Amino acid sequence: MDPRARNTLTESTSPYLRQHADNPVHWQQWTDAALAWARERDVPVLLSIGYSACHWCHVMAHESFEDEATATLMNEHFVCIKVDREERPDLDAVYMNATVAMTGQGGWPMTVFLTPDGEPFYCGTYFPPTPRQGMPSFPQLLTAITDTWVTRRDEVTTASASIVAELRRGSTGVPMGDRSVDAALLDHAVAGILAAEDTERGGFGPAPKFPPSALAEALLRHVERTGSDAAAATLDRTLSAMVRGGLYDQLGGGFARYCVDADWVVPHFEKMLYDNGLLLRVLAHAARRGDDLAARAAAETAAFLVRDLGTDDGCFASALDADTDGVEGLTYVWTPTQLRDALGDADGAAAAALFEVTDTGTFEHGTSVLQLRSDPADAAWFDDVRTRLAAVRATRPQPGRDDKVVTAWNAFAVTALAEGGAALGEWTWVESAARCAETLVSRHVVDGRLRRASLGGEVGAAAGVLEDHGALATALAALHQATGEQRWLTAAQDVLDTALAHFADRERPGTWFDTADDAEQLVTRPSDPLDGATPSGASLVTEALLTVSALTDPERASRYREAADLSLARASILLERAPRSAGHWLAVAEAAVAGPLQVAVASNAPGSTLAAVARHRAPGGTVVVAGSPGSTPLLADRPTVDGHDTAYVCRGFVCDRPVTEAADLTAALGV
């Protein structure tokens, strides 16, 4: 027996892959050796891509990958490769594009059949163990693919060539737009976004409802720049619907990945770090503007990140599973009887009414997801009830946790904690951000290059992609602003210099590849500028370039700002034609059109009142630094005035007169 014919996933640094280490399938990790083995055996590759918190990934694993007969078919006729989409977003992007091109839709688990050269020829997602709703069974599919490979290889060659050609056409980026990135274009983009709002239920589009974190941040910045009442109303409806509905964990804080219905009642219960990091940034921003509901949700979400996702090395785990002991939502849902048992008859009945827990249930089997459509009259009672319910819930079985530390997603959390903590005076948030950033910079940068993820202190082999570089540089810049420490700015510059050297498209200025020029060569080099559940790598690196250009020395500032402006010019066509898929681009463009606004506070000692005012009152996207004169490039040649703390407010290259009073600073900020 070939010694390679075994399951190798115990050697992985991915919890998702390790979940499949006991399968009878001879799973391989994605390596050149695995592809070479397929070439040697003259068999196709069966590529399965998923992630640890994915409900249907677990279902297909139980139904098919744990089944001996199915595994025998897989092992005999294929080289089977398992990929964690969170660890290898480059592979996920390439083969998801192929799946969408072939089937018109995508999702996970993703099931793709490849030639040994990595060229896809048949794509799909979940396949059942028996024929169902017009789908063939997975064993039937395996048999059909094998027959085609053996007897009609020319059809495989034709199909794979066609798909690869389509992928390469789709990876050429977007053309340079005709419109300037100015106030008129941003108004146009916002109008398109507002037209797509579900004004009755909040959010955008029909079910399923995903949290539009990037759009919300963009709308916040637009409201601050323009005072738009329409944008403010949309923002308020959206944030309120998410925080009051089942998407939000009313007991423990934090958000689920999405809601399956249009009313924000029933979530898909997995909790992803990326959602919660991005949403914390928005909520903390809204809290600065006096939104009490957002302030409460921000505090609870920050606590959730540290308490439930915190890792031993100071960073944050990737996700909590949707399932508990194989049952979706088991940890989180309630019946009226369970509430009475936990709280007593009177408080149980009142809690059922408040949280909309009904006898028929809002979820499955008569259970309900907790909602909070209105605030209770007695805040002390509410806090007591939630504390008691949380204690009872803690005794239930808990969902599994993916402890993988993903660079970009941790960077989202660092940005939110540093930015929000400094603005709201929550300095423990900033301390948490700094601890995580220490780990990312010390462990995830290997021989000067950024890696994608680590697990249990062991860094993985997967190279960092563009989103890792953009998100981390922004996070480090946020820490520099919050703490005044030069080392964070230096680290941010190092990351950006690497991004410019290895990810920028030299032939199409303003375009970015999602993988480095010296990364593994796939059938196509992905380059996707659209924002989705997370911002695109291109929009993230553009935000970092814009921000750091206002913080750094003149030579770098010029180079970074030129690159940011080219990127925004390239993205103008997205803002014009597809603004709902360009939410983070819009947020970055709002900051760029505003200058970006810069506030430098020259102070004689820590704890400057002017610095606190600037951080709390400045619009989103503003660059704020505080420290002794000359301590950072933005404070060069900016002394205190008559010994008083002094704020310098600039928009682009135009600066106001320095001010020493909080009221004058507030007026200069236009708030």
Side-chain angles (χ1 to χ4, degrees), residues 9 12-21 50-55 57-58 84-89 92 108 211 213 248-249 251-257 267-281 300-325 331-332 393-394 397-418 428-429 431-444 451-460 462 464 467-468 471-472 475 533-534:
L9 299 188
S12 171
T13 55
S14 161
Y16 172 65
L17 298 193
R18 290 183 178 184
Q19 288 171 358
H20 294 79
Y51 59 104
S52 70
C54 167
H55 172 73
C57 297
H58 296 311
D84 182 344
R85 66 172 290 258
E86 297 169 355
E87 195 172 52
R88 291 297 304 266
D92 181 63
W108 301 276
S213 50
Y248 185 68
D249 183 346
L251 298 184
F255 293 82
R257 182 165 165 250
H268 193 47
F269 291 91
E270 60 195 320
K271 286 181 173 180
M272 309 301 296
L273 173 59
Y274 62 76
D275 283 322
N276 286 282
L278 293 168
L279 288 167
L280 175 57
R281 188 184 196 187
E300 293 172 359
T301 299
F304 159 74
L305 286 175
V306 174
R307 181 189 67 242
D308 293 349
L309 295 184
T311 61
D312 291 341
D313 54 11
C315 283
F316 304 98
S318 293
L320 297 180
D321 285 358
D323 300 350
T324 301
D325 293 345
T331 303
Y332 303 104
R393 194 176 82 175
Q398 299 297 307
R401 192 175 89 158
D402 184 334
D403 282 340
K404 182 171 69 272
V405 173
V406 175
T407 299
W409 302 359
N410 274 264
F412 296 154
V414 170
T415 297
L417 290 166
T428 58
W429 297 10
E431 292 167 5
S432 294
R435 282 195 298 273
C436 181
E438 289 275 11
T439 296
L440 296 178
V441 170
S442 63
R443 180 173 297 152
H444 285 211
R451 298 281 180 88
R452 172 66 175 176
S454 63
L455 179 68
E458 181 183 353
V459 70
E467 74 161 357
D468 296 309
L472 181 57
T534 58

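Bear in mind the structure is a predicted one, so any value in this text is a computation, not a measurement. Atom set for the values below is all heavy atoms of this structure, side chains included, hydrogens, waters and symmetry mates excluded.
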Quick one: pull up [atom1] in [X] and [atom2] in [Y] and give me the separation to the nearest 0.5 Å.
X: Tyr332; Y: Phe269; atom1: OH; atom2: CZ; answer: 8.5 Å
X: Phe304; Y: Tyr248; atom1: CZ; atom2: OH; answer: 10.0 Å
X: Leu280; Y: Glu300; atom1: CG; atom2: CD; answer: 12.0 Å
X: Phe255; Y: Leu279; atom1: CZ; atom2: CG; answer: 5.0 Å
X: Ser12; Y: His20; atom1: OG; atom2: NE2; answer: 11.5 Å
X: Leu417; Y: Thr428; atom1: CG; atom2: OG1; answer: 9.0 Å

Closest contact, heavy atoms only, [X] versus [Y]:
X: Ala53; Y: Ala319; answer: CB-CB, 3.9 Å
X: Glu87; Y: Ser14; answer: OE1-CB, 3.6 Å
X: Tyr274; Y: Ala533; answer: CE1-CB, 4.1 Å
X: Leu305; Y: Phe316; answer: O-CD2, 3.4 Å
X: Cys54; Y: Glu270; answer: N-OE1, 3.9 Å
X: Thr311; Y: Ala317; answer: CG2-N, 3.6 Å

Give a yes or no answer on whether the side chain of [X] reaches the backbone of [Y] with a donor-acceptor pair at less than 3.5 Å.
X: Arg451; Y: Gly460; result: yes
X: His58; Y: Ser52; result: yes
X: Glu467; Y: Thr407; result: no
X: Arg307; Y: Gly252; result: yes
X: Thr439; Y: Cys315; result: no

(message) Considering only residues two or more places apart or on different chains, which pairs with a residue in residues 400-411 satisfy salt bridge (charged side-chain N to carboxylate O under 4.0 Å, His left out)?
(response)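 Listed once each, the pairs are Asp84-Lys404, Glu86-Lys404, Arg401-Asp403, Asp402-Lys404.
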
(request) Mind running salt bridge (Lys or Arg N to Asp or Glu O under 4.0 Å) on Lys271 and Asp308 for me, showing each step along the way? (result) CA-CA 10 Å; Lys271 286 181 173 180; Asp308 293 349; 5.2 Å; no

(message) Could you work out, with salt bridge (Lys or Arg N to Asp or Glu O under 4.0 Å) as the rule, every residue matching Glu438, not counting sequence neighbours?
(response)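 Testing Glu438 for salt bridge (Lys or Arg N to Asp or Glu O under 4.0 Å), a comparison that skips the adjacent residues, returns Arg487.
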
With a 4.5 Å limit on heavy-atom distance, are the side chains of [X] and [Y] in contact?
X: Val406; Y: Arg452; result: yes
X: Trp409; Y: Met272; result: yes
X: Val405; Y: Arg443; result: no

(request) State whether Asp275 and Arg257 are salt-bridged, where the test is any N-O pair (Lys NZ or Arg NE/NH1/NH2 against Asp/Glu carboxylate O) under 4.0 Å. (result)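 Salt bridge flag = no for Arg257 with Asp275.
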
(request) Step by step, work out the side-chain contact (heavy atoms from CB on, under 4.5 Å) result for Cys57 and Tyr16. (result) CA-CA 10 Å; Cys57 297; Tyr16 172 65; 4.1 Å; yes

